Protein chains: 2
Amino acid sequence: MRNNNKIPKPVIRRLGLYYRCLNRLNEEGIEFVASKDLAARLGIKSSQVRKDLSYFGEFGKRGVGYNVEELMKKLEGIIGVDKYWNVIILGAGNIGAAIANYAGLKKDKFNIIGIFDADRSKVGKKIGKLTVQHVSELKSFVQKNIIEIAVIAVPETAAQMVVEELETLNIKGIVNFAPVKLRTKIPIEDVDITLSFKSLVFRIERSKKEGN
Amino acid sequence: MRNNNKIPKPVIRRLGLYYRCLNRLNEEGIEFVASKDLAARLGIKSSQVRKDLSYFGEFGKRGVGYNVEELMKKLEGIIGVDKYWNVIILGAGNIGAAIANYAGLKKDKFNIIGIFDADRSKVGKKIGKLTVQHVSELKSFVQKNIIEIAVIAVPETAAQMVVEELETLNIKGIVNFAPVKLRTKIPIEDVDITLSFKSLVFRIERSKKEGN
DNA sequence: TAGATTGTTAATCGATTAACAATC
DNA sequence: TAGATTGTTAATCGATTAACAATC
């Protein structure tokens, strides 16, 4: 099967998982991997790996498996991490700073090229190699640079306003760390840390009650 | 319907979403809310709200809706955030520090009471009100304090080892920021930031191609 | 060739949604 | 009472999995 139709949402996330796993395998010097082995590393079923990949083409050799480096490169193109992406961060608080300094993103070709805050007392501060700019400079910065992705790391109360500004600036995608549902037509990914803690607590309580 | 059987995984996450929304409504001074309104705020269907809640009991009044404060308290108990949870952080890098300083967690009754690192040069450093301790002190710290939750914010290469140590220390749940699938029987929630960026990029590319 | 593993179909499983009787 | 909204059932939709012919 090919490309034509809708890709199930869970598949998209797993693509990144596969890509990462393939990178490891490649570093380990492994040349071929079977769907069974890939699946085992990720704790899923081999048929799921094969089905997921089948949305995008035929990458394996029957009886053999997948060429690690080849599949890696293919996935790179499919996901879109075969090129560099420019990223700005809105909000120079704890989370904004952590993202700005996060080495994993740079490794994946996400270039963080600007960080902004509304708080003048933070402006001028150094975060890694970046200097915090005031939000009032956002517009001209975006006009001078090609920015595809913005990270929202502002307080919840400011987040919706920021999104609306990003829309006018023609940003292509948003990673949102503010714990609110934001209304926007821009593709957005929510990273909801407090929600993860709450889910965990629910599961802990349950496992206590059910004794497993 | 009641409690008896399995709660679908997506419901668990939405419980947190409802709880947060109810908090806002309460702050706004709103006393009653219909499933329709709650759903609209979260961008989901009203029947989903009602179905989700029905796993845990009957909380609404027909013709009226839900008492905001009452439902909030109920959810607090259901999720398990009606009590305080002690949390330690493994890894005093960018992410560990950001979590340690994150006010949203404190507000939700997660008390971060310790932060550890393997790097001796970081030991003694102040992060918010906490002082970074060396991992070698982890065991005795956990024995002196009641710790339910551990946050893994160490480099990917160290994560599996850390998990295994946490298992021996009888930790009840883990929030994992390291970009690896960790093998453990402890309930674990993964927060995978680079994966969110990759999913976003995939969606941006798709929306370009399909022109929407 | 014999053994292994793919790609794909069909069956199963799980989650969402519409619809509506019950009832505030 | 009339209007509104719940709680729940049944229908629909979407995702996972087993199974197997195709083929390296």
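Note that the structure is a prediction, hence the values are computed from the model and not measured. Order of the sequence lines sets the chain letters (A, B, ...), proteins ahead of strands, with each chain counted from 1.
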(message) Less than 4.0 angstrom between a side-chain N/O of B:S35 and OP1 or OP2 of D:dT5, yes or no?
(response) no
(request) Please state how far atom CG in A:D37 lies from atom C1' in C:dA4, giving the value in whole angstrom units. (result) 12 Å
(message) Applying side chain to side chain donor-acceptor pair (under 3.5 Å), can you list everything that pairs with A:R183, at least two apart in sequence or on another chain?
(response) none
(request) Tell me whether the OP1 or OP2 atom of C:dA15 has a side-chain N or O from B:R14 closer than 4.0 Å. (result) no
(request) Starting from C1' on D:dT8, measure out to CZ on B:F59 and report it in whole angstrom. (result) 15 Å
(request) Give a yes or no on whether a salt bridge exists between B:R24 and A:E156, defined as a side-chain N under 4.0 angstrom from a carboxylate O. (result) yes
Between protein and nucleotides 17-24 of chain D, what N or O pairs are separated by less than 3.5 Å?
unit_1	atom_1	unit_2	atom_2	d
D:dA19	N6	A:R50	NH2	3.2
D:dA22	N3	A:R62	NH1	2.7
D:dC24	O4'	A:R62	O	3.4
D:dC24	O2	A:R62	O	3.2

(request) Whenever both distances are under 3.5 Å in a Watson-Crick or G-U wobble pair, mark it; put DNA chain C into dot-bracket that way, with [ ] for crossing pairs and | when the partner is on another strand. (result) ..||||||||||||||||||||||
(message) Without decimals, in angstroms, what is the distance between B:F32 CZ and D:dT6 P?
(response) 12 Å
(message) The test is side-chain contact (heavy atoms from CB on, under 4.5 Å); show your working for A:E189 and B:L200 and say whether it passes.
(response) CA-CA 6 Å; A:E189 290 283 325; B:L200 180 64; 3.7 Å; yes
(message) Taking only side-chain N and O atoms of A:Y66, does any of them lie within less than 4.0 angstrom of OP1 or OP2 on C:dG7?
(response) yes
(message) As an exercise, state the distance from CD of A:Q160 to OG1 of A:T184, rounded to the nearest 0.5 Å.
(response) 8.0 Å
(request) Taking only the side-chain heavy atoms of B:E58 (C-beta and beyond), determine which of D:dT8, C:dT6, C:dA15 contains the nearest atom. (result) D:dT8
(message) Any salt bridge linking B:E148 with B:K83? Criterion: basic side-chain nitrogen under 4.0 Å from a carboxylate oxygen.
(response) no
(request) Look at the side chain of B:R20 and the backbone N and O of A:P179, then say whether any donor-acceptor pair between them is shorter than 3.5 Å. (result) yes
(request) Spell out, as yes or no, whether a donor-acceptor pair under 3.5 Å connects the side chain of A:D117 to the backbone of A:D119. (result) yes
(message) Can you measure B:D52 atom CG to D:dT8 atom P for me and round it to whole angstrom units?
(response) 13 Å
(request) Would you kindly give the CG-to-P distance between B:L53 and D:dT6, to the nearest whole Å? (result) 9 Å
(message) For the CD1 atom of A:I152 and the CG atom of A:L166, what is their distance to the nearest 0.5 Å?
(response) 5.5 Å
(request) Taking atom CD of B:E31 as the centre, report whether more than 12 heavy atoms of other residues, nucleotides or ligands fall under 6.0 Å from it. (result) no
(message) In this structure, how many angstroms lie between the P atom of D:dC13 and the NZ atom of A:K9, rounded?
(response) 15 Å
(request) Report the distance from atom OH of A:Y55 to atom C1' of C:dG7, rounded to the nearest whole Å. (result) 13 Å
(message) Without decimals, in angstroms, what is the distance between B:F56 CZ and D:dT6 P?
(response) 18 Å
